[in-house]
Amino acid sequence: MNLFQIDKKDPDSKARAGYLYTDHGVIPTPVFMPVGTQGTVKAIEQRELVDYGAKIILGNTYHLYLRPGDKVVNHFDGLHKFINWKGAILTDSGGYQIFSLQDLRKLKEEGAEFKSHIDGSKHFFSPENVVDIQRNLGSDIIMVLDECTPYPAERKQARDSMELSLRWAKRSRVAFDKTDPLYGHRQFQFGIGQGSMYKDLRKEYLERMIEIDFDGNAMGGLSVGEPAEMMYELVDLSTDILPEDKPRYLMGVGTPENILTCIEMGVDMFDCVLPTRNARNGQIFTSRGKINIRNAQYKLSDELIDENVDSYAGKNFTLGYLRHLFIANEILGLQLASQQNIAFYLWLARTAREKIIDGCYSDWKKEILEKLSGGNN
RNA sequence: GGGUAGGUACCGAAGCGGUCAAACGGGGCAGACUGUAAAUCUGCUGGGCUACGCCCUACGGAGGUUCGAAUCCUUCCCUGCCCA
């Protein structure tokens, strides 16, 4: 069975509703995938994720390789069992860490040499061993090792970076084809488009990547500091090139507006740390806009956090109480905020899908964005 | 009553003649965060201005010394501790 199938296309845009068929469940798309870097979506327990409708979460190859180690995960028969998650898992490759841990790594043709951010020990990632590690992790979708090009990048730098990522992509596919899943369920491999902010490089990258024939195609190296409009142009261009019948994944994006806009451009999958990280930092995403829960204006608010979203946290606790938890530095504050934000993001993607199926996506998008910016934004 | 240590901004606490509207914490107020080195980071926190500079009010109260005092002297008030 193919990984992906389109269910319905939006009549007015490139948006599409589909399904990802993994051995850990069927995932309706567009989908938002909560980020669980170290085998946990920070501050949210697995059964809460299920309650809020999460069907697939992320893990990170770099972090899980360092701690607890992919051998340890293998000892537990894979990440699903280790973390007690029955849904699907996508693991990122460590490509983003090549970007975010620039001072701790050296790039070579063969791969990337890392100094562990935990203890300074040296490690080496290659396109091949990153496949091996992800075989050990047993994620349903594995990502190729790439270089997430820093922004801004000179054209030459972008070109060199992109050529390296392409060579790595080819090696990754070879390594993937030469190895087998370890735990009796299928694994799929996605390529990652680069090219920085240069349209022709993006286009060329994707065309050459399509030839490698990955199970899905991702767009990487975006939302790294560039203006949103620039990202939109590149996503728009990308989805014109990428094959219809394979899932399209925009990595690391983004704000609710980013996601809704890119869904309209035909993106199927998203992940982002914003809902969870910002939750821990006191920013709450609600159906009437985002709020900073620490602000004094919520001290006496007996308003519920968010009644309109399928969120236990949002429907049962007041803003005033949540503020108190943050001010008092109580753990429950982080939990409730994270739950609300994840519930909100999942609700957003789920509703987007419904609207695509109903054929009224663009109208709904316009309406909801107005509501979201109507609050305190 | 005697001795002793001290009274500094919302709180705690440095400073002990000029570079002090006063370090540093905390608290308070706001902002940032996009394939997680993040329960993190940043800014503001006496008042008023024709503000990248000036004026006013400020280191318990009142006097004094000095060109100049949070810093030295006198005295008063208050607090902690010890002895009666």
Side-chain angles (χ1 to χ4, degrees), chain A residues 32-44 56-64 66-67 90-105 114-120 130 139 141-149 151 165 190-194 216 218-228 231-232 235 249-259 261-262 267 269-285 290-299 323 325-338 341 345 376-377:
Chain A
F32 177 77
M33 307 180 285
V35 179
T37 305
Q38 307 206 66
T40 161
V41 177
K42 292 183 193 294
I44 304 186
I56 176 169
I57 61 173
L58 255 67
N60 184 279
T61 300
Y62 168 83
H63 289 279
L64 292 168
L66 283 183
R67 205 161 48 184
L90 179 152
T91 43
D92 188 26
S93 58
Y96 188 76
Q97 280 64 44
I98 290 178
F99 162 78
S100 67
L101 301 175
Q102 275 177 69
D103 302 337
L104 294 172
R105 56 73 172 162
F114 274 102
K115 266 197 205 166
S116 158
H117 69 283
I118 301 164
D119 62 6
V130 159
S139 42
I141 296 172
I142 78 179
M143 302 303 299
V144 298
L145 185 68
D146 65 332
E147 186 200 5
C148 179
T149 313
Y151 173 82
S165 284
F190 282 28
I192 305 174
Q194 293 291 340
M219 289 154 270
L222 293 172
S223 67
V224 287
E226 79 283 8
M231 176 180 81
Y232 292 150
V235 169
Y249 168 25
L250 179 56
M251 304 186 77
V253 174
T255 65
E257 180 173 4
N258 291 160
I259 289 174
T261 302
C262 294
V267 176
M269 304 163 68
F270 300 87
D271 78 279
C272 190
V273 303
L274 272 182
T276 42
R277 177 187 290 167
N278 289 20
R280 296 192 305 283
N281 294 337
Q283 186 173 82
I284 316 300
F285 291 95
K290 60 185 179 190
I291 61 178
N292 184 343
I293 196 62
R294 285 192 161 91
N295 287 178
Q297 61 175 302
Y298 303 112
K299 189 169 192 170
R323 176 176 193 272
L325 293 175
F326 266 87
I327 298 296
N329 209 13
E330 280 291 340
I331 295 168
L332 185 60
L334 309 181
Q335 296 175 316
L336 294 180
S338 300
N341 284 359
Y345 266 67
N376 297 288
N377 297 304

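When reading the values below, keep in mind they use all heavy atoms of this one structure, side chains included, and skip hydrogens, waters and symmetry mates. In what follows, every chain begins at residue 1, and chains take the letters A, B, ... in the order their sequences are listed.
When distances run from any side-chain atom of A:R323 to the nucleotides B:G35, B:A39, B:C29, the shortest one goes to B:C29. Among the nucleotides B:G31, B:G35, B:C29, the one closest to any side-chain atom of A:N292 is B:G31. Nearest nucleotide to the A:V253 side chain, out of B:A39, B:U36, B:U34: B:U34.
Using a 4.0 Å heavy-atom distance criterion, A:L332 is classed as making no nucleic acid contact. Residue A:G225 is classed as having no contact, given no heavy-atom separation below 4.0 Å to the nucleic acid. Among the heavy atoms of the strands lying under 4.0 Å from A:L104 is at least one base atom, whether or not backbone atoms are also near. Across all strands, A:Q194 comes closer than 4.0 Å to base atoms (heavy-atom distances). Here A:L250 lies out of heavy-atom contact (under 4.0 Å) with every strand. Using a 4.0 Å heavy-atom criterion, one finds that A:D271 contacts the sugar-phosphate atoms exclusively. Residue A:Q38 is out of contact with every strand shown, counting any heavy-atom pair closer than 4.0 Å. A:R105 comes within 4.0 angstrom of nothing in the nucleic acid, heavy atoms only.
Between A:T255 and B:U34 there is no side-chain polar atom (N or O) within less than 4.0 angstrom of OP1 or OP2. Using a 4.0 Å cut-off, some side-chain N or O of A:Q97 falls inside it from OP1 or OP2 of B:A37. Phosphate proximity of B:U34 to A:S223: absent, as no side-chain N or O sits under 4.0 Å from OP1 or OP2. For the OP1/OP2 pair of B:A32 and a distance below 4.0 Å, the side-chain nitrogens and oxygens of A:N278 include no atom meeting the criterion. Listed pair A:N295 / B:A30 meets the phosphate criterion, a side-chain N or O lying under 4.0 Å from OP1 or OP2.
B:C72: Watson-Crick or G-U partner is B:G64, with both key distances under 3.5 Å. The partner of B:U34 is absent, by the rule that a Watson-Crick or G-U pair needs both atom distances under 3.5 Å. Taking a pair to require two hydrogen-bonding distances under 3.5 Å in either a Watson-Crick or a G-U wobble arrangement, B:U4 pairs with B:G80.
Comparing B:A69 with B:U19, their P atoms are spaced 11 Å from each other, to the whole Å. Across the C1' atoms, B:A32 and B:C78 are found 46 Å apart, a figure rounded to whole Å. When the P atom is used for both B:C54 and B:A22, the distance is 13 Å, rounded to whole Å. Taking atom P on both nucleotides, B:A9 is separated from B:G61 by 10 Å, rounded to a whole Å. Comparing the P positions of B:A84 and B:C77 gives a spacing of 25 Å, expressed to the nearest Å. Across the P atoms, B:C33 and B:C16 are found 43 Å apart, a figure rounded to whole Å. Annotation: B:G25 and B:U79 have their C1' atoms spaced 23 Å apart (nearest Å). Going from the P atom of B:G2 to that of B:C76 covers 11 Å, rounded to whole Å.
Between A:N281 atom CG and B:A30 atom C1' there is a gap of 15 Å when expressed in whole angstrom units. Put simply, CG on A:L336 is 17 Å from P on B:A39, counting in whole angstrom units. Distance CG (A:L64) to P (B:G35): 16 Å, rounded to an integer number of Å. Atoms CZ (A:F32) and P (B:G35) sit 9 Å apart, rounded to a whole Å. Note: NE2 (A:H117) to C1' (B:A37) measures 5 Å, nearest angstrom. Rounded to an integer number of Å, the gap from CD1 of A:I293 to C1' of B:A32 is 17 Å. Distance, A:M251 CE to B:U36 P: 8 Å, rounded to whole Å. Rounded to whole Å, atom P of B:A37 lies 6 Å from atom CG of A:L101.
Residue order along RNA chain B, read from the 5' end via each residue's closest nucleotide, puts A:G59 first among A:G59 and A:R280. Comparing A:R277 and A:V224 by the nucleotide of RNA chain B that holds the closest heavy atom to each, the one mapping nearer the 5' end is A:V224.
A glycosidic torsion no more than 90° from 0 defines the syn conformation, and B:C52 adopts it.
Heavy-atom neighbours of A:D119 CG from other residues, nucleotides or ligands within 6.0 Å: above the threshold of 12. Heavy atoms of other residues, nucleotides or ligands lying less than 6.0 angstrom from CD1 of A:I331 number 12 at most.
Shortest non-hydrogen contact noted between A:P275 and A:A279 is O-CB, 3.1 Å. Here the closest heavy-atom approach between residue A:R323 and residue A:K299 is recorded as CD-N, 3.6 Å.
Judged by atom type and distance alone, A:N60 does not reach the base of B:G35 through any side-chain donor-acceptor pair under 3.5 Å. For B:U36, the base has a donor-acceptor partner in the side chain of A:T276 [N/O atoms by modelled type, under 3.5 angstrom].
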Working for side-chain contact (heavy atoms from CB on, under 4.5 Å), residues A:I141 and A:M269: CA-CA 12 Å; A:I141 296 172; A:M269 304 163 68; 4.0 Å; yes
Pair A:Y62-A:H117, ring-ring contact (aromatic ring centres under 6.0 Å, His included): steps then yes or no: CA-CA 10 Å; A:Y62 168 83; A:H117 69 283; 5.5 Å; yes
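Atom CE of A:M231 is separated from atom SG of A:C262 by 4.5 Å, given to the nearest 0.5 angstrom.
Judged by distance alone, the side chains of A:Y249 and A:D271 do bring a donor and an acceptor atom under 3.5 Å apart.
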